[in-house]
Amino acid sequence: MRSDNIKKGIAKTPHRSLLMATGVSKKNINSPYIGIASSFSDLVPGHIGMRDLERQIEKGIHSAGGQAFIFGVPAVCDGIAMGHDGMRYSLPSRDLIADCVETVANAHQLDGLVLLSNCDKITPGMLIAAARINIPSIIVTAGPMLDGESKCEKLTMIKGAFEAIGKYRNGEITEERLIELEEASCPSSGACQGLYTANTMACLTEIMGMSLPHCATAAAVSSEKRRIAFESGMQAVELVRQNKCPLDIISRDSLRNAIIADLGMGGSTNSFLHILAIANAASSSFTNTSEESKKEEEIITLKDFEELSYKIHQFVKLEPSNNITMTQFHNAGGVNAVLKELLNNVPEFKDLEGVALKKASEIVKNAYSDKNIIHPYNEPFTTKPGLGILYGNIAPEGSVIKISAVDESCYEFEGIAKTFDSEEDAMDALENDRIKEGDVVVIRYEGPKGGPGMREMLAPTSLIAGKGLGTKTALITDGRFSGGTRGICVGHICPEAANGGVIALIEDGDRIKIDINKRTLDLLVDNKILDERRNNLKPYRIKSNGYLGKYARTVSDASHGAIV
């Protein structure tokens, strides 16, 4: 075992003494050492219930003959960090989390890991760490929040709270009703109720094979989630005994499986960033130079998303593009039902083995599916994918759009640019009714380097939807979106403004055309004029010191996963 480096032999007497100081008994000193990387936090609704899950995981590890050690990692709630400078730390926290897990696991020579996660950047950070360290690991996502309800109206965090602001400002609801919605929209612990980024990444983790069946969708407050946590602790020990490591599971095939499922379910656009970053971590973990060809084969690029987006139908449609929540999706069969449809109908989808140590086909053989929620693949909601990559002179290196959240009447949209160099400036214009039908809101200098930190634009997109402009205006940005965003919203524009991208050259009054059918995003301005503007463009200067300054100086662009 790897932990022999800290517990075997006479020379390790001081190490064993220190381990005993933590409470490890003589009987357990030679057991497999399993770290529980917990992102528990009183600040994050998706994580406040993790103390109980830590206990269940610990019980499972000890029941299977292992020795558990709990350690903490940071967690950011994107909803609370939204709309102010705090959001600049959200995406950078993904890499910080991976660094924390790597540091503790390697410094203490742990044999295996249970990675207890839930919200937006935490789950991909854990997956990046698992791929980097490559010791037996299993992910436990803490599960979705219960649905909100007020006066028999079903609520979610997005439609019950964020979009309610726009309705209130529009005079559609009273302040009293706004307060009622505020109090009822988030009734329990857990990740917010729709297929936003947290639940998208939980589902994709299960599809990749890095968590046990039903883990992604079992409610945070359920006894089922507690049982899954216990079983995951036991399974972590078994994975150590069989030396089943993340890079036996996270491969080009399993990542493409995740992309296929993401397109079929219409998940969060943030998944593009995270899958690319996970792929980079997996490919970078090959250390033998004779395996260079294998390393190249492992890399996933935007071309994989683009290629598959022309082939995959969307057969699941959840909140925010529908009114179906994660609770209903779980009861309808959840990830297992999705896996079964994909295995039976999509030749590109591979039958792989994950941490359950069974092939996916064996796991889902008798899977239940409610066809009203999880359509048969050949009877999809739409033959369009849930997500798409747009190219054009604004985004020569790509941009992303959640097609499933766009009304089909808006697949071709041409409008007048209104430019803003920050989210705050755009919000001020929206709140003061300076954005009208036919406008294209351009928010720039919000990319990984320019933000820095690539903030989510949920506040402006929610306000646009709440004001009834969701089909009448568009928003494009080098920043990113929440999984809860809906409407004509294009993000991750590359190159970003801070790197001199064309988005930095757009001026008020320019015409912009978005064509989802052709997957294009173009600025309808002559190239000579753009060359003149480029010559007059002032060089970008990094705005931050500390962690964000370091991040801005080292981060790649969004088309490569915003990796550092």
Side-chain angles (χ1 to χ4, degrees), residues 269 388-402 406-407 409-447 449-451 454-455 457 460-461 463-465 467 469-481 485 487-540 557-559:
T269 52
I389 308 292
L390 307 186
Y391 292 95
N393 66 351
I394 296 178
E397 295 176 18
S399 60
V400 302
I401 188 167
K402 188 167 186 172
V406 181
D407 190 284
S409 66
C410 306
Y411 278 10
E412 293 182 25
F413 187 92
E414 186 174 325
I416 304 297
K418 287 196 175 175
T419 61
F420 305 94
D421 289 347
S422 71
E423 179 189 10
E424 287 83 357
D425 289 348
M427 281 296 291
D428 182 69
L430 280 162
E431 289 173 345
N432 289 286
D433 298 322
R434 297 201 302 274
I435 303 302
K436 307 295 183 185
E437 181 176 339
D439 287 342
V440 178
V441 178
V442 180
I443 307 178
R444 58 197 176 193
Y445 295 102
E446 289 286 5
K449 176 180 177 180
M454 203 178 185
R455 290 192 290 180
M457 303 291 117
T461 60
L463 196 49
I464 286 170
K467 283 176 167 284
L469 294 171
T471 60
K472 300 170 185 175
T473 64
L475 187 152
I476 70 170
T477 181
D478 53 8
R480 59 193 176 88
F481 298 121
T485 291
I488 316 162
C489 302
V490 184
H492 303 202
I493 288 173
C494 287
E496 62 173 293
N499 286 329
V502 171
I503 190 172
L505 308 179
I506 301 172
E507 294 184 358
D508 288 351
D510 289 347
R511 295 198 72 82
I512 293 172
K513 185 172 182 179
I514 300 165
D515 192 327
I516 292 173
N517 291 315
K518 294 180 180 178
R519 305 288 204 277
T520 56
L521 172 64
D522 287 303
L523 177 63
L524 306 181
V525 172
D526 187 87
N527 284 334
K528 288 183 179 179
I529 295 173
L530 292 181
D531 288 341
E532 290 175 11
R533 293 179 185 177
R534 187 174 283 109
N535 290 334
N536 295 322
L537 187 66
K538 294 179 180 178
Y540 171 79
D557 58 48
S559 64

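In what follows, residues are counted from 1 in the order of the sequence shown. Computed from a prediction, not measured in an experiment: that's the story for all the values here.
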| request: Indicate yes or no: at least one non-hydrogen side-chain atom of Val400 is less than 4.5 angstrom from one of Ile389. | output: yes

| remark: Residues passing the salt bridge (Lys or Arg N to Asp or Glu O under 4.0 Å) test with Lys513, sequence neighbours excluded, are none

| message | Any side-chain to backbone donor/acceptor pair from Lys418 onto Ala429? Under 3.5 Å, distance only. | response | no

| said: Is there a side-chain contact between Ile476 and Ile506 in this structure, where contact means two heavy atoms from C-beta onward sitting under 4.5 Å apart? | reply: yes

| Salt bridge present between Arg534 and Asp531 (N-O < 4.0 angstrom) | yes

| Considering all heavy atoms of both residues, which atom of Ile488 and which atom of Phe413 are nearest to each other, and what is their separation? | CD1-CD1, 3.6 Å

| task | Determine the sole option in Asp522, Ile401, Thr520, Asp515 for which the side-chain contact (heavy atoms from CB on, under 4.5 Å) test with Leu390 is passed. | result | Ile401

| Phe420 side chain reached by Asp428 side chain, heavy atoms, under 4.5 Å | no

| query | To the nearest 0.5 Å, how far apart are CD in Glu532 and CG in Leu505? | reply | 11.5 Å

| Minimum heavy-atom distance between Gly450 and Glu496, given as atom pair plus value | N-OE1, 2.8 Å

| field | Donor-acceptor pair, side chain of Thr269 and main chain of Lys402, under 3.5 angstrom | value | no

| query | Backbone N or O of Ser559 within a donor-acceptor pair of the Asp557 side chain at under 3.5 Å? | reply | yes

| field | Side-chain (Asp407) to main-chain (Ser409) donor-acceptor, under 3.5 angstrom | value | yes

| field | Side-chain touch Asp478/Glu446, heavy atoms, less than 4.5 angstrom | value | yes

| query | Can you check whether Glu412 reaches Ile514 side chain to side chain, under 4.5 Å on heavy atoms? | reply | no

| field | Salt-bridge contact Lys467-Asp433 (side-chain N to carboxylate O under 4.0 Å) | value | yes

| query | Side chains of Thr473 and Ile435: closer than 4.5 Å at any heavy-atom pair? | reply | yes

| remark: Here the gap from Glu437 atom CD to Leu469 atom CG, rounded to the nearest 0.5 Å, amounts to 8.0 Å

| said: To the nearest 0.5 Å, what is the distance between SG on Cys494 and CG on Asn499? | reply: 8.5 Å

| task | Would you mind reporting whether Glu414 and Leu524 have side-chain heavy atoms less than 4.5 Å apart? | result | yes

| Taking Pro460 as the fixed residue, which of Glu423, Glu424, Glu431 is the one that meets the side-chain contact (heavy atoms from CB on, under 4.5 Å) rule? | Glu423

| Minimum heavy-atom separation for Arg480 to Met454, with atom names? | NE-O, 2.6 Å

| said: Please identify which of these residues, Ile493, Thr419, Asp510, Ile394, meets the side-chain contact (heavy atoms from CB on, under 4.5 Å) condition with Val442. | reply: Thr419

| request: State, with a plain yes or no, whether a side-chain heavy atom of Leu530 is found less than 4.5 Å away from one of Leu523. | output: yes

| Heavy-atom pair with the smallest gap, counting every atom of Glu507 and Ala417 | O-CB, 3.7 Å

| field | Minimum-distance pair of heavy atoms, taken over all atoms of Ile503 and Ala497 | value | CG2-N, 3.5 Å

| request: Drop me the distance from Ser422's OG to Met427's CE, to the nearest 0.5 angstrom. | output: 11.0 Å

| query | What heavy-atom pair brings Phe481 and Val490 nearest, and what distance separates the two atoms? | reply | CE1-C, 3.3 Å

